[in-house]
Amino acid sequence: MDIRRLEEFIAVLDTGSLSKAAVQLGVAQPALSQSLARLERELGVKLFQRSRRGAEPTPAARQIAEEVRRGVFRIVNAIDAAQAIAAGRAGVLRVGLVSSALIDILPRALRILRDEAPGVRIVLREMSNAEQAQALSRGEIDVALVHTPVALSGVMHEKVLMRERLVAAVPEDLLPGGQDRVSMADIARAGLVMFPHAQLPTFYEAVMDAFRKEGLDAEIVQEANRTLTVLACVAGGCGIALLPSWIRSLDFSGVRYCEVVDGARLPSFDVSAIWPKRAVAGLADDFVRACGAGQ
């Protein structure tokens with residue numbers, strides 16, 4: 001049954017007049033009358049009695065009116081939802097992310113998507129690189145915001161979203177008052193608080209290589225797999241951590257952030273979006289575009 005005919009039935013019922021319903025629907029009155037006649041034949045019942053007062057609904061029309069209203073409402077909603085999903089304005093997007101993406105990247109993307117596609121529900125999971133790699137390969141997330149480089153299976157898009165220089169997070173009681181600069185040798189003497197090798201192997205090796213090229217033997221005194229845990233270890237006097245410069249936005253008691261005066265050999269700390277290549281662009285592509293807006 002044509003949903004348009006059901007909508008016409010509701011319009012005549014609500015206005016009480018074929019002429020008024022025709023104006024409301026933007027159709028010619030004879031065409032509306034013929035359409036209602038076809039609907040009556042399909043249903044096998046008379047729906048309206050025409051009179052000088054207009055179109056009076058029959059008992060059968062009154063009986064089915066509410067069911068038709070509910071049915072039309074559900075069908076129209078379903079069509080709208082399907083069209084919104086097809087147009088990228090609705091649906092569910094599952095995003096994995098490292099903590100570095102929380103400061104600028106994620107808030108920017110959420111603001112843009114709330115304006116452009118308010119019907120999209122975004123499921124967020126803060127995860128390590130290794131956890132995201134597994135989740136992406138198993139189809140448990142649609143986009144990974146990770147520290148790169150990272151090894152992933154499958155054919156993927158990759159877009160660098162942030163490239164940050166490293167600063168030193170130093171135990172406050174290790175520094176004289178007001179000091180905001182340290183050297184590589186200072187860091188080597190204090191020992192390093194680092195993310196585990198298995199979590200960020202390329203970054204780990206690049207940091208250690210930078211110390212070796214400076215002729216320094218830096219020891220890893222503590223490993224921690226989350227940024228806030230790293231800061232807690234620094235505050236507890238375990239050693240010095242090398243973290244991306246956005247970390248300055250976090251005021252962490254017992255920690256002072258310092259420039260590394262001779263840190264030119266240190267690697268940058270990158271965050272990239274990685275998501276599966278598809279024949280047709282979808283929500284993941286829109287999300288990554290929003291993440292990189294303004295770059």
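Values below: all heavy atoms of this structure, side chains included; hydrogens, waters and symmetry mates excluded. Source: prediction; values computed, not measured.
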Taking Val261 as the starting point, is it possible to reach Leu175 by hopping between hydrophobic residues whose side chains are less than 4.5 Å apart? no
Interatomic distance, [X] atom [atom1] to [Y] atom [atom2] [nearest 0.5 angstrom]:
X: Met184; Y: Asp262; atom1: CE; atom2: CG; value: 6.0 Å
X: Leu243; Y: Tyr257; atom1: CG; atom2: OH; value: 7.5 Å
X: Leu174; Y: Cys258; atom1: CG; atom2: SG; value: 9.0 Å

Heavy-atom pair of closest approach, residues [X] and [Y]:
X: Val146; Y: Val150; value: CG2-CG1, 3.8 Å
X: Leu32; Y: Ala21; value: CD2-CB, 3.8 Å
X: Ile187; Y: Phe211; value: CG2-CZ, 3.7 Å
X: Ser99; Y: Thr227; value: OG-OG1, 2.8 Å
X: Leu145; Y: Ala273; value: CD2-CB, 3.7 Å
X: Leu231; Y: Ala169; value: CD2-CB, 4.1 Å

Check: [X] side chain, [Y] main-chain N or O, donor-acceptor pair, under 3.5 Å:
X: Arg108; Y: Cys291; answer: yes
X: Thr58; Y: Lys46; answer: yes
X: Asp142; Y: Ala284; answer: no
X: Arg41; Y: Leu36; answer: no
X: Thr15; Y: Ser17; answer: yes
X: Asp186; Y: Ser183; answer: yes
X: Arg121; Y: Leu93; answer: no
X: Arg138; Y: Leu136; answer: no
X: Glu131; Y: Ser128; answer: yes

In terms of heavy-atom contacts, does [atom1] of [X] have more than 12 from other residues, nucleotides or ligands at under 6.0 Å?
X: Glu172; atom1: CD; answer: yes
X: Gln63; atom1: CD; answer: no
X: Arg114; atom1: CZ; answer: no
X: Arg181; atom1: CZ; answer: no

Ion pair present between [X] and [Y], side-chain N to carboxylate O less than 4.0 angstrom?
X: Arg165; Y: Glu259; answer: yes
X: Arg111; Y: Asp115; answer: no
X: Glu214; Y: Arg265; answer: yes
X: Arg289; Y: Glu116; answer: yes

Which label fits Phe48 and Phe9: parallel for a plane angle under 30°, tilted from 30 to 60°, or perpendicular past 60°?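 Tilted: the ring planes of Phe48 and Phe9 meet at 30° to 60°.
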Give the intermediate values and the outcome of side chain to side chain contact (heavy atoms under 4.5 Å, CB included) for residues Ser100 and His147. CA-CA 8 Å; Ser100 289; His147 297 299; 3.2 Å; yes
Suppose we call two aromatic rings close when their centres sit under 6.0 Å apart. Are Phe269 and Phe203 close by that rule?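 Distance test on ring centres: under 6.0 Å, yes.
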Intermediate values then yes/no, side chain to side chain contact (heavy atoms under 4.5 Å, CB included), Val12 and Lys20: CA-CA 8 Å; Val12 175; Lys20 290 179 181 178; over 6 Å; no
Can you find a side-chain donor-acceptor pair between [X] and [Y] that sits under 3.5 Å?
X: Trp275; Y: Asp285; result: yes
X: Ser35; Y: Glu8; result: yes
X: Gln29; Y: Ser19; result: no

Ser245 vs Glu164, test: side chain to side chain donor-acceptor pair (under 3.5 Å). Steps then yes/no. CA-CA 6 Å; Ser245 56; Glu164 296 257 294; 3.0 Å; yes
Any Leu47 side-chain heavy atom under 4.5 Å of Ile64 side chain: yes
Evaluation steps, side chain to side chain contact (heavy atoms under 4.5 Å, CB included), between Ile220 and Glu223: CA-CA 7 Å; Ile220 309 298; Glu223 291 187 343; 3.9 Å; yes
His197 and Leu200: CA distance, side-chain angles, deciding distance, side chain to side chain contact (heavy atoms under 4.5 Å, CB included) verdict: CA-CA 6 Å; His197 181 276; Leu200 295 172; over 6 Å; no
